[in-house]
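One structure is given below, encoded as structure tokens.
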Amino acid sequence: MSAQLTVHNSLTRQKEVFNPINEGRIGMYVCGPTVYSDVHLGNCRTFVSFDVIYRYLLHLGYKVRYVRNITDVGHLEGDVDTGAEDKIAKKARIEQIEPMEVVQKYMNGFHDMMTVFNTLKPSIEPRATGHIVEQIEMVQQIIDNGYAYEKNGSVYFDTIKLAKEDGRYGKLSGRIIEDLLVETRDLKNQSEKNHPSDFAIWIKAAPEHIMRWNSPWSVGFPGWHLECSAMSTKYLGTNFDIHGGGNDLKFPHHENEIAQNYGSCDCEPANYWLHTNMLLMNGKKMSKSVDPETGISNSIAPGELFTGDNPNISKGYSPMAVRFFMLQSHYRSTLDLTDVALTAAEKGYRRLMDANKILQDLSHPGKGSAGELDKEIQELIQLAYTDMSDDFNAPKALARLFELVTKINGLKAEHLAFDQITPETLVTLKATFTTFIFDIFGLLDDALAGGGDGEYETLDGLMQMVIKIRQSARQNKDWGTADTIRDTLKALKIQLKDGKDGTAWSKE
RNA sequence: GGUCGGGUGGCCGAGCGGCUAGGCUCAGGUCUGCAAAACCUGCUACCGCGGUUCGAAUCCGCGUCCGACCUCCA
């Protein structure tokens, strides 16, 4: 059905044929959010991208164990040396609530958002605080192997030692070892670290720090990066298939993660590293700082995107329109979010959904032979799979679907003839659309979704009644009534589509 | 400053040595009571300058502009 799967590996900076460690099974770890504030829209893009990747791997028939963590301790603001504070602890202090309340609140918000974007849940979603024991054990292993040292109750990873040994440190992020070594002379502050690039894997808690655990070195807490090394090892093993995350995590997070895995067991954690690119807004990185001239900030929260309650956009966009917008670009490319681009995506999304509805209602008259049209359709279907197998090229596969949309509408409009395609091809086409749109791309039809519990049926029943009334008005040439109905519905964002065989309706 | 990735038609966005994606917009047409929708037709682009090649948006060099990471930022 599909061609050989290739993926772009950040480790080698090139596309490689994907071969899982265990036949038919895939272990995939994706860095989840640090839950100290509302989830960032850019983060949503990353998770939607990996959702499509996950869905496609499942579609290919792999048994995938998808692990996506929740970081709920250890992610510092600033550097350890300069009296940095844990992000969650800081938020707890400011809001005067328990750190775990902070975690729960934003984790719930994150989960809600993932549901809104219709992402599949990971197989395991481990939390850093739930794996303190594993992390302490890993610190001990790293110390035992000579890759870490203790200073006043805190433990630091010795990056220079690892860098000197066959240049293992810096491979992923492209750091130059010589530069690292030269920096040694700049050690002017009274840091506990032997070298500026060393990083904390266990941090002694200051007296006022409330998130703290006993350890052989001090009452403290684990360093950021460590949770991912410990939890990926626990659930996927010391060597697994895919590790993913946002591009911004490449350094230092992922580089340090690799260092920790080398340090603890001398193993390379993942065979393939996949990184998603950034989401920009109006050509620039989102930033909450307010522009002094315009008085608005170049940023938007996911919720605002849906309600339209943000000066950067003219109206609200449905989550599925946004998901479609994301699908139109490759996961390794930056994506520029703008109002006009979203409007364009919204229309494209509706066009695809409407075409699918039309397709599913088409029935083949019975006889038809494989003509040129049949061949074209079969080829486009095949190409869509080939594209997805080429480093998950969703935008290209989506383009194939749109080429098929033209065929579908053509058949519906009787511009193209059914006798040019076989009944089997129509069945395949229907199945392909369902598979791609819903299973692989993870879209939902807004017009059908929403209410649930038969709400659509109720609405459709009402609409059929209204359409019938308007139809009789039209037969009586009562254009005033007919147009009033049409305009009133239009104001309610319901569009009537008059066709040869009656009138259809759809939500805008 | 260092490292990395980019500049594609009116806009977004694939392609990454030959076969000139796709979405949106726009213009003309078919259909329609009018319109919308749908369909048909049209709109040939690759930052600049060199080079390699039979042939470059695609490879190389220089320049230029933009972004990311290096530092809190997803």
Side-chain angles (χ1 to χ4, degrees), chain A residues 10 13 31-34 37-47 75-79 82 84-85 87 90 170 173-176 179 196-197 245-253 255 275-280 283-289 299 324-325 327-330 332-352 354-355 358 380 383 387 390 393-416 473-475 477-479 482-483 486-487 489-490 495-500 503-506 508:
Chain A
S10 301
R13 281 150 228 263
C31 287
T34 299
S37 68
D38 291 320
V39 64
H40 191 284
L41 187 61
N43 232 165
C44 292
R45 187 211 179 187
T46 293
F47 298 131
H75 198 157
L76 300 182
E77 230 168 52
D79 202 41
T82 55
E85 198 173 3
K87 290 185 176 190
K90 182 184 176 187
S173 58
R175 299 292 117 157
I176 297 166
D179 291 355
S197 68
N247 213 221
D248 54 328
L249 294 177
K250 241 188 217 172
F251 189 86
H253 187 60
E255 193 67 62
H275 288 98
T276 58
N277 215 136
M278 302 293 98
L279 177 69
L280 305 177
K284 289 189 191 126
K285 183 173 182 169
M286 286 195 209
S287 166
K288 283 181 184 146
S289 60
S299 71
F324 178 91
F325 170 69
L327 285 167
Q328 275 188 304
S329 79
H330 188 89
R332 277 192 299 112
S333 300
T334 52
L335 173 60
D336 192 12
L337 185 97
T338 60
D339 194 46
V340 286
L342 283 169
T343 305
E346 185 181 51
K347 292 196 178 164
Y349 162 70
R350 277 291 6 133
R351 180 150 184 254
L352 181 66
D354 289 346
I358 289 168
L380 285 168
L383 284 170
D387 294 332
D390 180 13
N393 199 329
K396 209 170 169 186
L398 189 57
R400 308 294 187 193
L401 255 44
F402 271 103
E403 289 187 62
L404 288 166
V405 164
T406 306
K407 312 286 183 209
I408 291 164
N409 286 329
L411 285 168
K412 164 79 174 172
E414 294 172 17
H415 177 259
L416 296 174
R474 291 177 72 198
Q475 274 163 0
K477 298 201 190 302
D478 179 3
W479 308 129
D483 291 353
R486 184 214 287 156
D487 296 344
L489 289 172
K490 177 84 181 165
Q495 185 185 48
L496 293 182
K497 300 173 182 180
D498 294 330
K500 272 183 188 162
T503 302
W505 67 276
S506 73
E508 282 183 9

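Below, chains carry the letters A, B, ... as their sequence lines are ordered, and counting in each starts from 1. Remember, predicted model here, so these are calculated numbers, not experimental data.
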Applying a 4.0 Å non-hydrogen cut-off, can you work out what [X] is touching in the nucleic acid: base, sugar-phosphate, or nothing?
| X | answer |
| --- | --- |
| A/Arg474 | base |
| A/Asp336 | sugar-phosphate |
| A/Lys347 | sugar-phosphate |
| A/Ser333 | sugar-phosphate |
| A/Asn409 | sugar-phosphate |
| A/Lys412 | nothing |
| A/Arg486 | base |
| A/Leu279 | base |
| A/Leu342 | nothing |
| A/Gly348 | sugar-phosphate |
| A/Asp483 | base |
| A/His75 | sugar-phosphate |
| A/Thr46 | nothing |

Tell me if a side-chain donor or acceptor on A/Asp387 pairs with a main-chain N or O of A/Asn393 at a distance below 3.5 Å.
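No; zero donor-acceptor contacts below 3.5 Å.
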
Is A/Glu255 reaching over with its side chain to a backbone N or O of A/Gly170, donor-acceptor style, under 3.5 angstrom?
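Present.
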
Quote, to the nearest angstrom, the [atom1] distance that separates [N] from [M].
| N | M | atom1 | value |
| --- | --- | --- | --- |
| B/rG7 | B/rG15 | C1' | 15 Å |
| B/rC11 | B/rC43 | C1' | 14 Å |
| B/rA21 | B/rA57 | C1' | 14 Å |
| B/rG6 | B/rG22 | P | 24 Å |
| B/rU8 | B/rG48 | P | 11 Å |
| B/rA38 | B/rU20 | C1' | 27 Å |

Members of residues 396-406 of chain A that approach RNA chain B, where some heavy atom sits under 4.0 Å away
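A/Lys396, A/Ala399, A/Phe402, A/Glu403, A/Thr406, in order of number.
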
Taking atom types as modelled and ignoring hydrogens, do the side chains of A/Thr503 and A/Arg486 form a donor-acceptor contact shorter than 3.5 angstrom?
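Per modelled atom types, A/Thr503 and A/Arg486 side chains form no pair under 3.5 Å.
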
Pairing partner of B/rC4 (Watson-Crick or G-U wobble, both distances under 3.5 Å):
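Check on B/rC4: paired to B/rG67, both distances under 3.5 Å.
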
Short N/O separations, protein against nucleotides 7-10 of chain B, under 3.5 angstrom:
none

Look at the side chain of A/Asp498 and the base of B/rA35, then say whether one donor and one acceptor between them are separated by less than 3.5 Å.
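Side chain to base: pair present.
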
